[in-house]
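Notes to accompany the following structure.
Per chain, numbering begins at 1; letters A, B, ... match sequence-line order.
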2 protein chains.
Amino acid sequence: MTVPEPTALNIRLPYVQVEEAIAAMIAPMQPGEQLPTEPVLAKRLGVSRATLREALRTFVERGILVRRQGVGTFVASRIPTLEAGLEVLESLDHMAQRLGLSTEVTHLESVERWATPTELAGLGLPETQAAEVLVVDRVITVKGEPVADLHDVVPLSYLRQADLDDTFNGSVLDLLLGRSHLMLSTSRTEIIAEEADAHNAARLNVRRGAALLKFTAQLYTYDEKIVDYSVSYFVPGHYKFHVMRRVQGQ
Amino acid sequence: MTVPEPTALNIRLPYVQVEEAIAAMIAPMQPGEQLPTEPVLAKRLGVSRATLREALRTFVERGILVRRQGVGTFVASRIPTLEAGLEVLESLDHMAQRLGLSTEVTHLESVERWATPTELAGLGLPETQAAEVLVVDRVITVKGEPVADLHDVVPLSYLRQADLDDTFNGSVLDLLLGRSHLMLSTSRTEIIAEEADAHNAARLNVRRGAALLKFTAQLYTYDEKIVDYSVSYFVPGHYKFHVMRRVQGQ
DNA sequence: CCTGGATAATTGTCAGACAACTGACATATA
DNA sequence: TATATGTCAGTTGTCTGACAATTATCCAGG
């Protein structure tokens, strides 16, 4: 008597596999290098050309691949490191690792409490609703220098204080990504410049009034629920954030 | 004897048409509203389901649409205004119009001169090469208040001083977009926070040391040439910039 | 040496089919 | 009655095979 898996875990594999396989294939390739032809690639990945082309289309969309009819598909020449841009949601820890650095966490504090009105709004919940949340504050340092001040708010239904064990690397995002049943899809991140107040200045070891990059982000699941509301401050110069912007109508 | 059109202009229409048609269809729709089924939509747009699905995939990728197998395709519920994010390259003027505002241009200056080493690097040219460029500086104001200080560098082969006529609205990007033979594809925009120096402060009417959002951007054509190198400073609070970030591996 | 045409290779698009999933309703069962 | 199960129509997910459009290359002819 086999118990059926909960449907939330029944992810259709083919398309996702294809995207990952293509990403893995491109990673070590040189700019301008040609990919195998579509029929060959489709057979190798075990999918049809139609499915393969849907995946390739998204890479073209991101500016990672260039397709030329009658010629072939090539790795775009302007990509220094694959997907280093903001359009991919990546934890600072993961990003630092990719750059060969290691991060430490200081000033770590976490509490379970009721959400404030601002936090309720950030989580997309009505003001009238009461919600218990886990709030995680910490400062990320690289080589002893503070580089980011992070503040996350997550409803207790998604993450509890007990989930932050000794191995916690400072990334709430990595924790949430590890819970596959959450089906995370995208994050909406608002970007602004802000002067450091006394609180930021002390934690990030900069003087008051220093310019900081501020991200205000909401992390969504596929069914459009907000899992995480976060406010982050970054000291300029340590991380390089960029965005690839499409020209409209193309 | 028909002279063949330059191949650079022979854009395949179907796919592009489909993307535009979908965008136009979605624009007036409410979040959560359902789209026609794929067979119906494909027939209406005059393309096959495979082509339609390639286009739909890119909208799902951008977080604008949500597809649920066995149910249908829906407008995502979190999109306040369609494609207001940084992932689409849009001039400030265009963005302001969309928000019902109008912009003015002050401090407009433009010169044709030799590129400095920094500008050569920004344009992806070797230091040893001499290149003549058009440099355009100006401040954008909304209701008399300065909101952005823009600095563009464009090789003379793409734009000349004579092209900036009386109707110039302050957007070099709009000018370049109007030249269809340029085949612009994407812009790589680096984002950082910076304190206003004396020059910025005077032009933007803020005090020295105020936090500004700084964009350093390179505008690429399809054949990977850099058409425009620009540095822009934004006064916080006037424009809202955001990015939709995909979760990796989805 | 140059020119033009044939040719092979590759991407772009299409039509039709079936599989997998969902939701609603009807039916059987405790 | 309340709960579980079966059935069915509708929708998205994928596959197959084919043909059209475009490009680079080679080769014959001038």
Side-chain angles (χ1 to χ4, degrees), chain A residues 1-22 32-61 64-76 183 185 222-224 250, chain B residues 1-22 32-61 64-76 183 222-223 250:
Chain A
M1 180 169 344
T2 61
V3 178
E5 291 292 312
T7 56
L9 273 177
N10 288 351
I11 309 170
R12 285 198 76 87
L13 285 185
Y15 179 81
V16 175
Q17 281 178 338
V18 171
E19 268 209 12
E20 287 177 4
I22 294 176
E33 204 172 330
Q34 184 169 12
L35 268 68
T37 67
E38 292 182 356
V40 170
L41 203 47
K43 176 163 285 186
R44 187 184 302 176
L45 300 181
V47 297
S48 72
R49 246 189 94 205
T51 301
L52 172 66
R53 281 182 58 79
E54 274 194 48
L56 287 177
R57 169 73 68 184
T58 70
F59 282 84
V60 172
E61 180 81 9
I64 295 170
L65 293 180
V66 177
R67 283 193 289 196
R68 293 167 56 201
Q69 181 169 358
V71 186
T73 305
F74 304 85
V75 178
M183 302 285 288
S185 80
Y222 276 103
D223 49 354
E224 311 279 316
Q250 289 300 331
Chain B
M1 175 173 347
T2 60
V3 178
E5 291 291 313
T7 57
L9 271 178
N10 287 352
I11 308 170
R12 284 197 77 87
L13 286 185
Y15 179 82
V16 175
Q17 282 179 337
V18 172
E19 266 209 14
E20 287 177 4
I22 295 176
E33 205 172 327
Q34 184 170 12
L35 269 66
T37 67
E38 293 182 355
V40 170
L41 204 47
K43 176 162 284 186
R44 188 185 301 175
L45 300 181
V47 298
S48 71
R49 246 190 95 204
T51 301
L52 171 67
R53 280 182 57 80
E54 276 193 46
L56 288 177
R57 170 73 66 182
T58 69
F59 282 85
V60 172
E61 181 82 9
I64 295 171
L65 292 180
V66 176
R67 286 194 287 198
R68 292 167 57 200
Q69 180 170 358
V71 185
T73 306
F74 304 85
V75 179
M183 302 285 291
Y222 275 103
D223 49 355
Q250 291 297 332

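Summarising the geometry, the separation between CD on B:E38 and P on C:dC14 is reported as 14 Å, rounded to the nearest angstrom. B:R53 has its CZ atom 18 Å from the P atom of C:dA17, to the nearest Å. Rounded to a whole Å, the CG atom of B:L52 is 14 Å from the C1' atom of C:dA15. The CG-P distance, from B:L65 to D:dT12, rounds to 11 Å in whole Å. In this entry the distance linking CD of A:Q34 with P of D:dT23 reads 15 Å, nearest Å. Distance B:L45 CG to C:dA15 P: 13 Å, rounded to the nearest Å. Atom-to-atom, OH of B:Y15 to C1' of D:dT22 comes out at 19 Å; the value is rounded to the nearest Å. Across the protein-nucleic acid pair, B:R49 atom CZ and C:dC14 atom P stand 14 Å apart, rounded to whole Å.
Contact annotation: A:T51 reaches the phosphate of D:dC15 (side-chain N/O to OP1 or OP2, under 4.0 Å). Put simply, B:T73 has no side-chain N or O that comes within less than 4.0 Å of OP1 or OP2 on D:dT11. Phosphate contact (OP1/OP2 of D:dG13, side-chain N/O of B:R67, threshold under 4.0 Å): present.
In terms of position on DNA chain D, the residue among A:G70 and B:A50 whose nearest nucleotide sits closer to the 5' end is B:A50. Across the interface with DNA chain C, nearest-nucleotide mapping of B:S48 and A:L35 shows A:L35 to be the residue nearer the 5′ end.
Counting heavy atoms from C-beta on, the side chains of B:V75 and B:I64 never come closer than 4.5 Å. By the 4.5 Å heavy-atom criterion applied to side chains, B:L45 and B:Q17 are not counted as neighbours. Residues B:E38 and B:L56 have side chains in contact (heavy-atom distance under 4.5 Å, counting atoms from C-beta outward). Under the 4.5 Å side-chain criterion, counting only non-hydrogen atoms from C-beta, A:R53 is in contact with A:R67.
Nearest heavy atoms, B:E19 versus B:F59: O-CZ, 3.5 Å.
Residue B:V71 has its side chain nearest to C:dG23 when only D:dT12, C:dA15, C:dG23 are considered. Among the nucleotides D:dT12, C:dG12, D:dC15, the one closest to any side-chain atom of B:P39 is D:dT12. The side chain of A:Q69 lies closest to C:dT11 when the candidates are D:dC15, C:dT11, C:dA15. Minimum atom distance to the side chain of A:T37 is reached by C:dT11, of the listed C:dA17, C:dT11, C:dT13.
At a cut-off of 3.5 angstrom, counting only N and O atoms as typed in the model, there is no donor on one side facing an acceptor on the other between the side-chain of B:R68 and the base of D:dG13.
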